[in-house]
Amino acid sequence: MRGSKPNVIGFDADDTLWVNEPFFREAELKFSKLLEKHGEEEELVKQLFETEVGNLKHYGYGIKSFTLSMIECAMKASDGKIDHRITAGILDIGREMLQKPVEVLDGVPETLAELKKRGYKLIVATKGDLVDQERKLEKSGLEKYFHHIEIMKDKQAVNYLRMLGRINTQPADFLMVGNSLKSDILPLLEIGAQAVHIPFHTTWDHERVEKADKNSFNELNSITALTDML
């Protein structure tokens, strides 16, 4: 691996420890079906994405923010004449997402158990809605492996520095593992920490980056390869 051996390892949660993004893609399709009288699926999904991104500064990340953005997008698409049944349908989509079972990704429990056995301090470093992320962590059965849980409002370099200060860890001693180059890799390299990218088969467009120097971080096909790398 690149750099010195870390003693603290941070893990992103959504699409690194458990499945998340496919539920949003499924919800987008349900949303466009509800609004089919007001636009084509591709255009509605595009409008919803633009609404979501515009609302991040107000609502942050997560399902509740997504639900509010669906309602706003439906109002725009219908010129303010949204039927109450559509509003109810949107709320049902959001509620269903919040009740989804937690699907832990293959190899995650075994990898965390082995790393903890080796003496690494493991933390969760994720963003999103506090209540929902705590629910997923509890339902996942993974909480027992972690020394610290950090649910951040965003994942910029400054947010990571604040987190490392709270756990009394220097960037050089920290390794971050995640599926998003934008949120889990590049900010860590910026502050002098290490990072491991484990791509997931689907990524939210807002998390995509056009270019990244792959010589500056490790990329693995599976979380199970992490124990061999370390």
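Just so we're clear, the structure is a prediction, and the values are computed from it rather than from any experiment. Hydrogens, waters and symmetry mates are skipped; everything else that's a heavy atom, side chains included, is used.
For Thr16, the side chain to side chain donor-acceptor pair (under 3.5 Å) partners are Asp12, Asn179, not counting sequence neighbours. Residues meeting the salt bridge (Lys or Arg N to Asp or Glu O under 4.0 Å) test with Asp132, sequence neighbours left out: Arg135, Lys136. The salt bridge (Lys or Arg N to Asp or Glu O under 4.0 Å) test applied to Asp106 returns no partner, not counting sequence neighbours. Taking Glu190 as the reference, nothing meets the salt bridge (Lys or Arg N to Asp or Glu O under 4.0 Å) condition, with sequence neighbours excluded. Every residue two or more places apart in sequence or in another chain was checked for a salt bridge (Lys or Arg N to Asp or Glu O under 4.0 Å) with Asp173, and none qualifies. Applying the side chain to side chain donor-acceptor pair (under 3.5 Å) test to Ser69 and every residue at least two apart in sequence or in another chain returns Asn55.
Looking only at side-chain heavy atoms (C-beta outward), Asp129 and Ser65 stay at 4.5 Å or farther from each other. Side-chain contact check for Pro199 versus Glu219: some heavy-atom pair is nearer than 4.5 Å. Residues Phe49 and Cys73 have side chains not in contact (no heavy-atom distance under 4.5 Å, counting atoms from C-beta outward).
For the ring-ring contact (aromatic ring centres under 6.0 Å, His included) condition, no pair includes a residue of residues 4-23, sequence neighbours left out. The salt bridge (Lys or Arg N to Asp or Glu O under 4.0 Å) contacts involving residues 36-49 comprise Lys33-Glu36, where partners must be two or more places apart or lie in separate chains. Here ring-ring contact (aromatic ring centres under 6.0 Å, His included) pairs that include residues 54-108, with residues two or more places apart or in two chains, are Phe24-Phe66. Among residue pairs with one or both ends in residues 87-100, those qualifying as salt bridge (Lys or Arg N to Asp or Glu O under 4.0 Å) are Glu26-Lys100, Lys30-Glu96, Asp92-Arg95, Glu96-Lys100; sequence neighbours excluded.
Within the 3.5 Å criterion, the main-chain N or O of Gln156 finds no donor-acceptor partner in the side chain of Asp154. Side-chain N or O atoms of Asp79 include none that pairs as donor or acceptor with a backbone N or O of Lys81 at under 3.5 Å. Of the possible donor and acceptor atoms, one in the side chain of Lys116 sits under 3.5 Å from a partner among the backbone N and O of Lys144. Panel note: side chain Lys155, backbone Ala125; a donor-acceptor pair is recorded below 3.5 Å.
Grouping Ile, Leu, Val, Met, Phe, Trp and Tyr by side-chain contacts under 4.5 Å, direct or through others, puts Val8 with Ile123, Met152, Tyr160, Leu161, Met163, Leu164, Ile167, Phe174, Met176, Leu188, Ile191.
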Item to check | Residues Lys64, Thr67; criterion side chain to side chain contact (heavy atoms under 4.5 Å, CB included); working and verdict | outcome: CA-CA 5 Å; Lys64 294 173 187 174; Thr67 303; 5.6 Å; no
Please list, one pair per line, the donor and acceptor atoms closer than 3.5 Å that link side chains of residues 223-230 to other protein atoms, with sequence neighbours excluded.
from, atom 1, to, atom 2, distance (Å)
Thr224, OG1, Ser222, OG, 2.9
Thr227, OG1, Thr224, O, 3.1

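For the residue pair Gln133 and Asp14, a side-chain donor N or O sits within less than 3.5 Å of a side-chain acceptor on the partner.
Interatomic distance, Ile198 CD1 to Asp15 CG, rounded to the nearest 0.5 Å: 12.0 Å. To the nearest 0.5 angstrom, Ile151 atom CD1 is 5.0 Å from Leu130 atom CG. Atom CD1 of Ile63 is separated from atom CG of Asn20 by 7.0 Å, given to the nearest 0.5 angstrom.
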